[in-house]
Amino acid sequence: MSTTERAPNSARTEPPKGERVADWVDGRLGIYNLRFLIRKAFPDHWTFMFGEIALYSFIILILTGIWLTMFFDPSMSETAYHGSHVPLQGIPMSRAYESTLRISFDVRGGLFIRQLHHWSALVMIATLCIHMLRHFLTGSFRRPREVNWLIGFVLLVVVTLEGFIGYSLPDDLLSGTGLRIAEGVTLAIPVVGTYLTLFLFGGEYPGTDVIPRFYSIHILLIPGIILALVTVHLILVVVHKHTQFRGPGRTENNVVGHPLMPVYTAKAGGFFFLVFGVLSVMAGIAQINPVWTYGPYRSDQISQGSQPDWYMGFLEGALRAMPAWEFVLPGGYTVNMGVLLPAVILPTIMMAVVALWPFLEAWVTGDKREHHLLDRPRERPTRTAFAIAFVSFYLVLFFGGANDILAERFHLSLNSITYAVRVGVFVVPAVTYIVTKRICLGLQRRDRDKLLHGRETGRIKRLPHGEFVEVHARLDRQQEYTLLSRDIPAVLPAPAAQDDEGVPNPNARKQMLRHRVSRWLHGDQIPHPTPQEMRHAVEHLGHAPGALPSSNGHAASNGHGSPNGHGSSNGHAGNGGRPAVEGRESDQEVH
């Protein structure tokens with residue numbers, strides 16, 4: 001019979017202070033129920049950093065924005081400047097512009113915080129664009145992440161709008177010019193344009209209400225929306241688990257990576273301070289938005305070389321490239337297509353394509369599976385080519401928005417640049433699409449060749465009968481698995497016009513449309529090597545003359561002399577008698 005003895009009070013040890021604090025918090029918030037997050041795995045890949053940079057830039061924006069709020073006066077009432085910047089002494093201006101000058105010249109550290117705030121906004125929008133492009137190229141928008149894709153898209157649109165509104169707050173000549181363009185675009189919207197303009201400006205442009213209204217939207221409404229979207233976005237990332245690239249041990253049902261605590265937390269914390277440091281260096285040495293050189297806004301003035309922030313450059317370029325075109329509807333209503341088409345219709349179509357692509361691809365393929373493994377861009381040539389063509393279209397318009405700067409700096413004709421942009425918006429995306437797709441298919445053929453003939457080592461070996469051959473090595477098992485596990489979607493078959501009994505197919509037109517889009521989207525794929533081809537390749541690599549042992553213990557050379565792994569037809573050295581080359585690094589796969 002066993003007995004249990006109670007240890008004396010003197011022998012008991014008091015729990016550590018941290019444990020007592022954790023117990024106290026758990027009793028009120030239930031934090032121990034979240035212990036599953038501690039061991040949540042996060043894959044490690046350099047492309048995943050762009051989302052983190054955007055998140056950290058947003059945190060910096062909040063911190064610097066709170067500081068700037070304490071000194072900025074969002075008023076359009078007129079005053080005269082009597083600050084420390086001598087060239088503007090006695091100039092009438094709005095209090096918004098005057099307070100911006102005071103922050104820049106009279107508040108300790110004010111210019112640094114202003115520039116840190118502006119640089120953080122630009123970097124956040126840029127990394128959000130790259131982050132979405134990475135998701136698009138790798139197919140991470142597929143089920144079950146369609147809703148999270150839409151949240152990320154809305155987040156990008158809202159952040160861009162937030163950046164434009166913040167850019168307009170100083171009420172300088174450059175931002176006022178941007179507001180004037182925004183007013184014209186709003187007026188060009190049929191039916192509701194005048195009502196929206198009245199809502200924003202409170203009357204005739206510029207009025208006295210636009211800056212205070214934008215200020216409230218900038219510091220309260222949109223930041224709250226962004227914070228809510230970011231929170232939901234991160235929650236869905238946890239719920240759906242993290243995506244990862246294909247590789248040994250990685251399946252649709254697991255995640256291979258580092259745990260949240262302590263590895264990922266330490267890395268993320270260090271990366272935050274690295275981003276903070278880089279942005280601080282940029283804010284300290286790289287001048288941006290020097291409002292004192294533009295002067296206060298006046299509706300009867302505009303400066304040559306006016307350029308918006310980069311994320312609005314494509315809209316500026318579309319407006320400059322569009323010819324003047326308007327017509328009058330019955331009843332005397334004028335429709336200004338010269339503004340409506342490039343500034344309203346075109347951006348709407350671009351956004352609709354980006355937002356609805358996951359649903360288009362799912363409708364075409366009919367794929368209902370959950371996808372947690374990512375594609376390499378080369379594995380989806382059409383999707384990758386479409387994305388790069390879309391980027392090239394954006395860049396053509398972006399450079400079109402700087403046609404006056406390009407004309408001045410390179411001594412070119414402004415009209416010639418404008419005509420080149422008009423042609424380029426049609427030609428450049430088409431050429432980019434074709435070239436990108438051919439590159440992707442070429443990379444697929446290169447991967448197939450590596451599987452069948454091994455990789456080039458750069459080592460030249462002389463055989464006993466005098467022939468010089470290049471040593472080819474078999475890929476290691478990890479690379480082979482990654483290349484062979486590529487998912488090749490099948491093209492939907494063409495529908496029959498009628499069934500076996502002669503009854504017409506009522507869905508023939510819809511099915512034919514899906515077939516054609518499927519053939520465009522998933523056709524022209526380079527197939528995997530067959531098992532017989534792989535078996536023959538492995539045997540050939542293992543028994544070829546001049547074979548080298550690979551890292552996995554198998555002989556790893558086919559010993560052929562030419563770069564494609566085949567000997568020359570005349571029996572002479574495949575390298576033309578070149579001396580042996582040693583020490584060349586093996587090629588590496590870049591996703």
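Computed from heavy atoms alone, side chains included, the values below leave out hydrogens, waters and symmetry copies.
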Engineer: Is the CZ atom of Phe399 crowded by more than 12 outside heavy atoms at less than 6.0 Å?
Structural biologist: no

Engineer: Taking Asn336's backbone N and O only, do any of them form a donor-acceptor pair with Glu326's side chain (distance below 3.5 Å, no angle check)?
Structural biologist: no

Engineer: For the side chain of Tyr294 and the backbone of Ser175, is there at least one donor-acceptor N/O pair under 3.5 Å apart?
Structural biologist: no

Engineer: Do Arg134 side-chain atoms and Phe48 backbone N/O form a donor-acceptor pair below 3.5 Å?
Structural biologist: no

Engineer: Under 6.0 Å between ring centres, would you say that holds for His85 and Phe105?
Structural biologist: yes

Engineer: Would you call Glu162 and Ile225 a side-chain contact if the rule is heavy atoms closer than 4.5 Å?
Structural biologist: no

Engineer: Between Ile151 and His233, does a side chain to side chain contact (heavy atoms under 4.5 Å, CB included) hold up when you go through it step by step?
Structural biologist: CA-CA 7 Å; Ile151 291 175; His233 185 75; 4.1 Å; yes

Engineer: So do Asp44 and Lys267 actually touch side chain to side chain, heavy atoms under 4.5 Å?
Structural biologist: yes

Engineer: Is it true that Thr243 and His372 share a donor-acceptor pair across their side chains at a distance under 3.5 Å?
Structural biologist: no

Engineer: Does Arg95 reach the main-chain N or O of Phe72 with its side chain, forming a donor-acceptor pair under 3.5 Å?
Structural biologist: no

Engineer: If you take all heavy atoms of Gly202 and Arg213, which pair is closest and at what distance?
Structural biologist: N-NH1, 3.5 Å

Engineer: What are the two closest non-hydrogen atoms of Ala318 and Pro342, and how far apart are they?
Structural biologist: O-CB, 3.4 Å

Engineer: Using 0.5 Å steps for rounding, measure from the CD1 atom of Ile53 to the CD1 atom of Ile60.
Structural biologist: 10.5 Å

Engineer: Hey, does Val421 have a side-chain heavy atom less than 4.5 Å from the side chain of Asn403?
Structural biologist: no

Engineer: Parallel, tilted or perpendicular: which describes the rings of Trp520 and Tyr433, with under 30° parallel and over 60° perpendicular?
Structural biologist: parallel

Engineer: With distance as the sole test, does Thr384 use its side chain to make a donor-acceptor pair with the main-chain N or O of Pro377 at under 3.5 Å?
Structural biologist: yes

Engineer: If only atom types and distance count, is the side chain of Arg142 paired as donor or acceptor with the main-chain N or O of His371 below 3.5 Å?
Structural biologist: no

Engineer: Which word best sums up how the rings of Trp67 and Phe71 line up, parallel for under 30°, tilted for 30 to 60°, or perpendicular for over 60°?
Structural biologist: tilted

Engineer: Assess whether ring pair (Phe, Tyr, Trp, His ring centres under 6.0 Å) is satisfied between Tyr311 and Phe164, documenting all intermediate values.
Structural biologist: CA-CA 9 Å; Tyr311 49 86; Phe164 175 76; 8.0 Å; no

Engineer: With a 4.5 Å limit on heavy-atom distance, are the side chains of Phe153 and Met351 in contact?
Structural biologist: yes

Engineer: Provide the closest heavy-atom pair for Gly338 versus Leu319 in the form atom of the first, atom of the second, distance.
Structural biologist: O-CD2, 4.2 Å

Engineer: Between Thr418 and Asn415, is there a side-chain donor-acceptor contact under 3.5 Å, judged purely by atom types and distance?
Structural biologist: no

Engineer: Do you see a donor-acceptor pair shorter than 3.5 Å between the side chains of His240 and Asn148?
Structural biologist: no

Engineer: Walk me through whether Met322 and Leu341 qualify under side chain to side chain contact (heavy atoms under 4.5 Å, CB included).
Structural biologist: CA-CA 8 Å; Met322 182 67 188; Leu341 182 59; 3.4 Å; yes

Engineer: Could you tell me whether the side chain of Thr265 and the main chain of Leu260 form a donor-acceptor pair under 3.5 Å?
Structural biologist: yes

Engineer: Do you see a donor-acceptor pair shorter than 3.5 Å between the side chains of Asp375 and Thr138?
Structural biologist: no

Engineer: Would you please say whether a donor-acceptor pair under 3.5 Å links the side chains of Gln307 and Asp404?
Structural biologist: yes

Engineer: Decide whether Arg180 and Ser299 meet the rule of one side-chain donor and one side-chain acceptor closer than 3.5 Å.
Structural biologist: no

Engineer: What is the minimum heavy-atom distance between Cys129 and Leu156, and which atoms define it?
Structural biologist: SG-CD1, 3.9 Å

Engineer: Is the Phe201 ring parallel, tilted or perpendicular to the Tyr205 ring (thresholds 30°, 60°)?
Structural biologist: perpendicular

Engineer: Would a distance-only check, ignoring hydrogens and angles, find a side-chain to backbone donor-acceptor pair under 3.5 Å from Trp149 to Val354?
Structural biologist: yes

Engineer: Can you check whether Pro170's main-chain N or O pairs, donor with acceptor, with Tyr297's side chain at less than 3.5 Å?
Structural biologist: no

Engineer: Does the side chain to side chain contact (heavy atoms under 4.5 Å, CB included) test come out yes or no for Phe50 and Leu133, once each step is laid out?
Structural biologist: CA-CA 10 Å; Phe50 294 114; Leu133 181 62; over 6 Å; no

Engineer: Would you say that Leu346 contacts Leu397 through its side chain, given a criterion of any heavy-atom pair below 4.5 Å between the two side chains?
Structural biologist: yes

Engineer: Quick check: Phe398 with Phe314 (ring centres under 6.0 Å apart)?
Structural biologist: no

Engineer: Answer whether the closest heavy-atom distance between the side chains of Leu373 and Phe245 falls below 4.5 Å.
Structural biologist: no

Engineer: Find out whether the Lys NZ or Arg CZ of Lys40 is both under 6.0 angstrom from the six-membered ring centre of Phe42 and within 45° of the ring's axis.
Structural biologist: yes

Engineer: Is the side chain of Glu146 donor-acceptor paired with the backbone N or O of Pro358 at a distance under 3.5 Å, no angle test?
Structural biologist: no

Engineer: Looking at Leu221, Ile217, Thr160, which one forms a side chain to side chain contact (heavy atoms under 4.5 Å, CB included) with Ile165?
Structural biologist: Ile217

Engineer: Is the distance from the ring center of Phe136 to that of Trp357 below 6.0 Å?
Structural biologist: yes

Engineer: Taking the six-membered ring for Trp and the full ring for Phe, Tyr or His, determine whether the centres of Tyr97 and Tyr81 are under 6.0 Å apart.
Structural biologist: no

Engineer: Would a 4.5 Å heavy-atom cut-off, applied to side chains only, mark Met312 and Tyr167 as touching?
Structural biologist: no

Engineer: Just so I know, are the side chains of Thr194 and Leu187 near enough to count as touching, which here means a heavy-atom distance under 4.5 Å?
Structural biologist: yes

Engineer: Taking all non-hydrogen atoms of both residues, which atom of Ser57 and which atom of Leu279 are closest, and how far apart?
Structural biologist: OG-CD1, 4.1 Å

Engineer: Ignoring hydrogens, what is the shortest heavy-atom contact between Val255 and Lys241? Give both atom names and the distance.
Structural biologist: CG2-CD, 3.9 Å

